[in-house]
Every structure is written in structure tokens, then in C-alpha cells.
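Okay, structure first, notes after.
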2 protein chains.
Amino acid sequence: MREISKRDRILDAAEELFAERGFDGVTLRQIASSAGVDVALANYHFGKKLELFNAVFERRSALLNKSRLDALRKVQAEQADTGPSVEQIIEAFLRPLELTQEMADPGWRHYLALIAYVNNSTYWGKRMMSKLFDDLVQEFIAALRQALPTASDQDLYWCYHNLSGALTLTLAQTERIDTLSGGLCKSSDFQAAYDHMIPFVAAGFRKVCGAKE
Amino acid sequence: MREISKRDRILDAAEELFAERGFDGVTLRQIASSAGVDVALANYHFGKKLELFNAVFERRSALLNKSRLDALRKVQAEQADTGPSVEQIIEAFLRPLELTQEMADPGWRHYLALIAYVNNSTYWGKRMMSKLFDDLVQEFIAALRQALPTASDQDLYWCYHNLSGALTLTLAQTERIDTLSGGLCKSSDFQAAYDHMIPFVAAGFRKVCGAKE
DNA sequence: CTTATTTTTCAACAAGCGTTGAATGACGTT
DNA sequence: AACGTCATTCAACGCTTGTTGAAAAATAAG
């Protein structure tokens with residue numbers, strides 16, 4: 001069994017702490033302490049604090065984009081004649097996230113919570129989200145445009161905005177729904193979250209972007 | 001024309017800056033400078049930094065809750081026989097927010113962006129959201145339960161979670177949809193946001209919580 | 001074994017932080 | 001005009017922050 005390098009331990013610790021408290025809510029000393037290394041080591045490997053943040057944010061993005069795009073290509077291949085349905089597209093967009101979140105390794109869970117933090121932030125979001133995720137999102141919107149041929153682009157983007165919001169709150173794992181529902185629903189129950197989100201969002205798309213009777 | 005007190009100028013400045021950069025992303029010196037007062041004055045009026053944050057967060061909550069509850073009571077009174085429809089309930093939940101966001105005073109816009117920050121944060125959200133907004137939310141969920149009599153509570157809460165996410169991202173005003181849509185949709189166009197969100201969410205509720213055929 | 005190179009720690013820096021106590025200003029009451 | 005109260009500023013405190021250069025340890029190369 002291979003040891004985890006100190007460099008990776010710093011990334012892991014930073015990932016978890018940044019996701020929970022945000023960029024300014026965490027000090028390099030906390031990260032170093034949580035990783036069990038000296039403060040200066042983060043600087044040696046990554047440079048400034050902001051560069052460490054970027055390194056964390058970019059580490060898993062390519063892998064994530066690939067698994068989601070693969071899921072889309074798969075349903076597109078399966079429905080080569082008619083094209084995939086709205087539900088199938090949404091499913092390809094969401095299920096890969098569920099899979100990583102339910103893995104034994106908590107790293108992916110922290111990473112997706114970090115994405116939620118960035119995506120919901122005016123200050124960080126504009127800079128960071130587009131660069132890494134725009135291409136993928138446009139790919140999915142193109143598929144939706146084909147599945148909903150009567151939709152205007154404006155309607156499509158606003159519907160995606162709703163989808164993105166519902167997803168973001170799920171990724172954040174705020175546990176708010178736990179207290180609100182008296183323990184009936186749990187933020188950690190990702191399968192239940194996506195099982196409800198997929199038909200909910202698909203129905204929304206159909207209603208707003210579907211044929212006008 | 002009445003002068004704005006320095007105390008209120010501190011609240012206004014803190015509201016805007018906290019909403020944009022989060023609790024730890026803002027210093028008391030930035031707040032004081034933006035308000036045009038001395039650093040020590042924030043401490044005199046509000047105590048510690050965290051107490052200032054709480055003061056900002058609570059300042060407008062009662063007023064906001066009242067306007068949303070009034071909107072709900074109104075549609076309930078109008079439809080005393082059948083009870084309000086899902087669309088009417090969602091509309092009562094959302095439109096008061098749109099109204100405050102479109103006011104000339106930008107304070108409300110900043111305040112709702114702050115709510116988005118808190119609601120999406122594991123660290124702050126658990127403590128702060130429930131205390132101020134749970135009663136109101138349960139009131140709306142009760143109304144939805146009545147409009148969707150076949151729904152299980154679990155389904156209802158998960159659907160509310162989706163609604164809350166879509167709303168939160170709108171409140172945050174990240175401008176992500178602006179770049180994504182190439183300027184076709186604007187985060188600042190609240191009317192368009194809610195015009196699309198209401199039918200979208202209502203359709204989701206009906207699909208997930210409606211009668212099973 | 002020696003030498004280079006990379007990784008890690010140590011010690012310290014200047015800057016900025018939240019917070020405080022005392023001094024000053026403003027303002028209405030008597 | 002003198003007083004007391006509230007509002008505001010000033011100056012400074014102890015502490016933590018991100019960052020750095022040099023020392024030490026580990027690893028690889030010859």
C-alpha cells in the first residue's frame with residue numbers, strides 16, 4: 001500500500017477546509033496542521049494561497065467532466081434515431097455526481113461542496129466556473145435544445161439556471177433539509193436527492209420549454 | 001430629507017460587503033472605510049464582528065417574512081373554498097423577493113444575496129437559517145401539502161429543497177447565466193428569473209408530488 | 001561513499017487583524 | 001453655562017496572518 005505524498009495530503013486538507021469555510025475562512029496553518037506538515041510546505045509546492053486554491057479546484061475537474069460527458073454520449077448513442085429524452089439528459093448530467101459522492105473516499109464529496117461554494121459566490125464564481133465547466137454545460141444545453149425543439153434559448157438557459165441552483169444546494173450539503181424535515185430527509189442521502197431532482201427538473205423543462213400545446 | 005445615521009451606514013456597508021465576500025472575506029476596516037466612519041464605531045454599536053454580522057442578517061428578516069406571509073394569506077383568502085393552487089403558493093413565496101430586489105434602494109438586493117451566502121454555507125447556514133426562516137417555510141409547506149394531498153412529506157421536502165436551491169442561486173446574483181447565455185439572460189433581470197422559476201417549480205412539484213396518474 | 005537535487009522544516013519578517021480604553025465631540029436638559 | 005449622556009474618534013495593544021530565506025533532512029545520481 002502506497003503512502004500518500006505530503007503534497008497530496010495538503011490538497012486533500014485544503015479541499016475539505018476550503019469547502020467548509022471558504023477561501024478566507026481557512027488559514028494556511030490550519031491546512032498544514034490538518035495535513036500534518038509544516039506551513040511553509042504549501043508555499044513550496046503551490047506558491048501563494050490563491051494558487052493552492054486554484055490547484056484544488058482544478059485537480060478533479062477534467063475527470064469529472066469526462067465522466068459526465070461519457071454519460072451523455074452513451075445515451076446519445078443508445079437513442080441515435082430519436083435523440084435522448086429530457087430525463088435521460090438530466091440523468092446523464094446528475095448521476096455521475098451522485099456516484100462520486102457515494103464513494104468511500106470523502107475527497108469527491110468535499111470537492112463538489114467546494115464547487116457549490118464557488119458557484120454560489122459572486123466573487124469567485126465568475127472567474128473560476130466558466131473556465132472549467134462552460135464547455136461541458138453548453139454540450140448538455142445543446143442536447144436539451146434538440147430534445148425540446150420548440151424552446152427559445154432564453155427559456156433553455158433560465159431552466160438550466162434552475163437546475164444548476166437545485167444541484168448546487170445539494171452539492172453544498174448544508175443539512176438544512178435535515179432540520180427542516182425533522183430528519184425525514186438527509187443531505188447525505190444523495191440517491192434520494194437525485195431521485196427527486198431528476199423528475200422534478202425534467203418536468204420543469206417540459207413545462208417551460210415544451211411545445212405550447 | 002433626513003440624514004442616514006452612521007449606525008445604519010455601517011449596517012449598509014457590512015450588508016453589501018458580507019454578501020459579496022463572506023464573513024471572513026471582509027475586514028472591519030473595509031466596512032468602516034466604506035461607511036465613512038472610524039473602525040471603533042462598529043464595535044461601539046454592535047460589539048464583536050460576529051454580532052455585527054448577526055445584526056445585519058436579522059435586520060430585515062421580520063419585514064421579509066411578513067411580506068411573504070401576507071402574500072400567502074391573500075391567496076388563501078381568495079381561494080377560501082378550494083385552497084390556493086401550487087402556482088399561487090409558489091408565487092406568494094417568490095414574488096415578494098422580486099419586488100424588494102427591484103426597488104431603487106440596493107440594500108434589499110444585497111441582503112438577499114447575503115441570505116444566499118448563508119443558506120449555501122454549511123458553516124453558517126445551520127446556525128442562522130433555521131432560527132429566522134423555519135416557521136415561514138413550514139407555513140408554505142403546509143399550504144403545499146394541502147394543494148397536493150397525495151404527496152408524502154418526504155417528497156414535499158425534497159421538492160422544497162429544489163425550489164430553495166433554484167431560488168438561492170438567483171438571490172446570489174452570480175452573473176454566471178449572463179456569460180453562459182452570452183448575455184441573453186441577465187442575473188439582474190429578476191422578473192425574467194421568477195417568471196421562469198414559478199412554472200418550472202410548480203411543474204416539478206406536480207410531477208413528483210401529484211396524484212399517481 | 002560523494003555529490004546533487006529535491007523535499008521538508010525552522011525561524012522570523014512585516015503587515016494587517018479584531019478589539020479596547022481613554023480622549024474628544026455633539027447635544028439636549030436643567 | 002454647566003452638566004450628563006450618547007456618539008465618535010484616536011492611538012495602541014497583542015495576536016495571527018501569508019510569505020520568505022536559509023538550514024536540515026531525505027532522496028537520487030554518479
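Per chain, numbering begins at 1; letters A, B, ... match sequence-line order.
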Rounded distance (Å) that lies between atom [atom2] of [N] and atom [atom1] of [X]:
{"X": "B/N43", "N": "D/dA11", "atom1": "CG", "atom2": "P", "answer": "18 Å"}
{"X": "A/L52", "N": "D/dT19", "atom1": "CG", "atom2": "P", "answer": "10 Å"}
{"X": "B/L41", "N": "C/dT24", "atom1": "CG", "atom2": "P", "answer": "18 Å"}
{"X": "B/D24", "N": "D/dT16", "atom1": "CG", "atom2": "C1'", "answer": "13 Å"}
{"X": "A/E51", "N": "D/dT19", "atom1": "CD", "atom2": "P", "answer": "9 Å"}
{"X": "B/K6", "N": "D/dC6", "atom1": "NZ", "atom2": "P", "answer": "18 Å"}
{"X": "A/Q30", "N": "D/dT17", "atom1": "CD", "atom2": "P", "answer": "7 Å"}
{"X": "A/F53", "N": "D/dG18", "atom1": "CZ", "atom2": "C1'", "answer": "16 Å"}

B/Y117 and B/F53 aromatic ring geometry - parallel, tilted or perpendicular at 30°/60° bounds: perpendicular
Charged N-O contact under 4.0 Å between A/K66 and A/D70: yes
Presence of salt bridge, B/E102 and B/R109, under 4.0 angstrom: no
Residue A/L28, side-chain heavy atoms: nucleotide from D/dG18, D/dC6, C/dT8 that is nearest: D/dG18
Closest to side chain of A/D38, choosing from C/dT9, D/dG18, C/dT19: C/dT9
Touch class at under 4.0 angstrom, heavy-atom based, for B/V39 against every strand present: base
Below 4.0 angstrom from OP1 or OP2 of [N], is there any side-chain N or O of [X]?
{"X": "A/H45", "N": "C/dT6", "value": "no"}
{"X": "A/K49", "N": "D/dT17", "value": "no"}
{"X": "A/Y44", "N": "C/dT8", "value": "no"}

Distance-minimising heavy-atom pair for A/A203 and B/K207: CB-CB, 3.5 Å
Nearest atoms (heavy-atom pairs only) where A/V118 meets A/F57: CG2-CE1, 3.7 Å
Most 5' of A/G36 and A/R29 on DNA chain C, judged by nearest nucleotide: A/G36
Most 5' of A/A40 and A/T27 on DNA chain D, judged by nearest nucleotide: A/T27
